[in-house]
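Report on one structure; see the data block that follows.
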Amino acid sequence: MEEAEKPKPSPFTTLFGLFDAWVEHDVLPGIEGGALDRRDMIAVVAGLRRWERDGTWNAA
């Protein structure tokens, strides 16, 4: 019964782990190396964090 009450991890967390670790290991090096656009990735990361916080993942 306790298992059913635990929140399920989001698909993002399941695939990539914690946001901060993903940003540090994948996003920042991509920005610094020129593979990712800084402005775009700021918006992407903010959107993903918002989805995690407001439960958008659970609606999918």
**Prompt:** Is the Trp51-Phe12 ring centre distance short of 6.0 angstrom?
**Reply:**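 Ring centroids of Trp51 and Phe12 are no less than 6.0 Å from each other.
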Got a second to check how far [X]'s [atom1] is from [Y]'s [atom2], nearest 0.5 Å?
X	Y	atom1	atom2	answer
His25	Leu18	NE2	CG	11.0 Å
Ser10	Phe16	OG	CZ	10.0 Å
Ile31	Arg39	CD1	CZ	11.5 Å
Phe19	Glu24	CZ	CD	15.0 Å

**Candidate pair Asp40 and Leu36, rule side chain to side chain contact (heavy atoms under 4.5 Å, CB included), full reasoning** = CA-CA 8 Å; Asp40 289 346; Leu36 300 172; over 6 Å; no
**Item:** Cluster check Ile42, Trp22: I/L/V/M/F/W/Y, side chain < 4.5 angstrom
**Value:**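 Per the 4.5 Å side-chain linkage, Ile42 and Trp22 are not co-clustered.
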**Asked** Stepwise, does the salt bridge (Lys or Arg N to Asp or Glu O under 4.0 Å) test hold for Asp54 with Arg49?
**Response** CA-CA 9 Å; Asp54 70 14; Arg49 284 186 191 274; over 6 Å; no
**Item:** Nearest non-hydrogen partners of Val23 and Pro29, listed with the distance
**Value:**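 Nearest pair, atom of Val23 first, then Pro29: O-CD, 4.2 Å.
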